[in-house]
Amino acid sequence: MNSFAEISDKLIESTIEIFTSMVMMDISSAGESVEITRTLKKSITGTVGLAGTHKGVLAVHFPNEVALAVTSNFLGMDIGEINEDVQDAIGEVANMLGGNLKTILSDRGRDIQLSLPSTICGDEYTFSSQAESDRIVLPFHSPSGIFYVEVELEG
């Protein structure tokens, strides 16, 4: 299954499922794949790399206020600033989404390995991968605002 149309539908379903069951937050798809600027402002991005039969990266981009709400829900306590707890929670969300993407892309995920999750945050930063890749960016509505799930796969 290499068609981004098939991948995006399943990725939307799994993202909503993860947020409903693990983050305890109701979210919804905000429409078709969009183009976002490569420069993110006052945001945090969680990433997981893929290696094996499919190479690429899954990234989830949250504006700070959405990241704080996600972390507060995920941990069950109020979080008021971007800190290690937020970075860990956003990394874990990326890890869960990466695990689902691995399953979507291959037979039970046996031929794809995931990297450890990592996070990037700041007042302004640029997110881009080095390789030539196909890319989709799916927007989602949360009670605190819009966030994006991005998948880049080498062609």
Side-chain angles (χ1 to χ4, degrees), residues 1 4-51 54 56-110 112-125 127 129 135-153:
M1 170 187 326
F4 268 135
E6 292 177 60
I7 292 170
S8 66
D9 288 345
K10 291 185 183 223
L11 192 57
I12 289 167
E13 286 174 30
S14 67
T15 301
I16 291 170
E17 181 181 317
I18 285 170
F19 272 78
T20 302
S21 64
M22 302 301 288
V23 179
M24 308 305 169
M25 182 180 278
D26 288 328
I27 65 165
S28 61
S29 172
E32 298 293 315
S33 182
V34 297
E35 283 294 319
I36 61 170
T37 175
R38 292 300 209 179
T39 301
L40 299 158
K41 296 182 183 203
K42 295 187 178 167
S43 296
I44 182 167
T45 296
T47 64
V48 175
L50 294 93
H54 293 278
V57 66
L58 176 134
V60 59
H61 308 289
F62 295 99
N64 286 348
E65 61 276 4
V66 178
L68 291 171
V70 166
T71 304
S72 295
N73 273 34
F74 194 42
L75 299 180
M77 56 195 235
D78 283 339
I79 304 292
E81 64 181 2
I82 301 296
N83 58 25
E84 246 181 67
D85 289 336
V86 176
Q87 291 179 349
D88 289 346
I90 298 308
E92 185 52 35
V93 168
N95 195 42
M96 290 185 286
L97 289 169
N100 280 11
L101 179 62
K102 177 179 164 175
T103 303
I104 291 167
L105 291 173
S106 70
D107 178 30
R108 294 185 206 95
R110 289 190 195 140
I112 298 175
Q113 294 76 45
L114 297 179
S115 71
L116 293 173
S118 62
T119 57
I120 307 160
C121 61
D123 288 337
E124 185 173 320
Y125 59 93
F127 179 84
S129 73
R135 175 176 168 235
I136 56 169
V137 180
L138 300 171
F140 291 88
H141 287 291
S142 80
S144 302
I146 290 182
F147 68 94
Y148 302 91
V149 174
E150 178 174 354
V151 175
E152 293 184 16
L153 295 173

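Heads up: numbering here begins at 1 and tracks the sequence. Just so it is clear, the values below take in all heavy atoms, side chains as well, and ignore hydrogens, waters and symmetry mates.
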Output the distance between atom CG (N83) and atom CG (D88), rounded to the nearest 0.5 Å.
9.0 Å
Taking every non-hydrogen atom, the tightest pair across G49 and S115:
N-OG, 2.7 Å
Would you indicate whether the side-chain heavy atoms of V86 and F62 approach each other to under 4.5 Å?
no
The reported gap from OG1 in T119 to CD1 in I90 (rounded to nearest 0.5 angstrom) is 8.5 Å
Given 3.5 Å as the limit, does a donor-acceptor pair link the side chain of N95 with the main chain of G98, or not?
no
Side chain of T15, backbone of E13: donor and acceptor closer than 3.5 Å?
no
Which heavy-atom pair separates T47 from V57 by the least distance, and what is that distance?
CB-CG2, 4.1 Å
Distance col, row S28:OG vs I12:CD1, nearest 0.5 angstrom, shows 10.5 Å
Provide the closest heavy-atom pair for N64 versus I44 in the form atom of the first, atom of the second, distance.
OD1-N, 3.9 Å
For L138, is there any backbone N or O sitting under 3.5 Å from a side-chain donor or acceptor partner on S33?
no
Does the side-chain contact (heavy atoms from CB on, under 4.5 Å) test come out yes or no for V48 and L101, once each step is laid out?
CA-CA 10 Å; V48 175; L101 179 62; over 6 Å; no
Which heavy atom in A69 sits nearest to a heavy atom in S144, and how many Å separate them?
CB-OG, 3.0 Å
Can you list the steps and then say if V70 with S142 is a side-chain contact (heavy atoms from CB on, under 4.5 Å)?
CA-CA 9 Å; V70 166; S142 80; 5.8 Å; no
Heavy-atom closest contact (P117 atom, G91 atom, distance):
CB-O, 3.2 Å
Please check if the side chain of S72 supplies one atom and the backbone of I79 the other of a donor-acceptor pair under 3.5 Å.
yes
Determine, stepwise, if the pair V149 / V137 fulfils side-chain contact (heavy atoms from CB on, under 4.5 Å).
CA-CA 6 Å; V149 174; V137 180; over 6 Å; no
Taken to the nearest 0.5 Å, the spacing of K41 NZ from D123 CG works out to 10.0 Å
Donor-acceptor contact below 3.5 Å, side chain S106 vs main chain T103
no
Separation between OG1 (T39) and CD (E124), nearest 0.5 Å, reads 6.0 Å
How about L50 and L114: do any of their side-chain heavy atoms sit closer than 4.5 Å?
yes
Which word best sums up how the rings of F140 and F147 line up, parallel for under 30°, tilted for 30 to 60°, or perpendicular for over 60°?
parallel
Report the C-alpha distance between D85 and M77 in whole Å, list the side-chain angles of each, state the deciding distance to 0.1 Å, and finish with yes or no for side-chain contact (heavy atoms from CB on, under 4.5 Å).
CA-CA 11 Å; D85 289 336; M77 56 195 235; 4.2 Å; yes
Do you know the tightest heavy-atom contact between P143 and M25?
CD-CG, 3.7 Å
In Å, rounded to the nearest 0.5 Å, how long is the span from CG of N73 to CE of M22?
13.0 Å
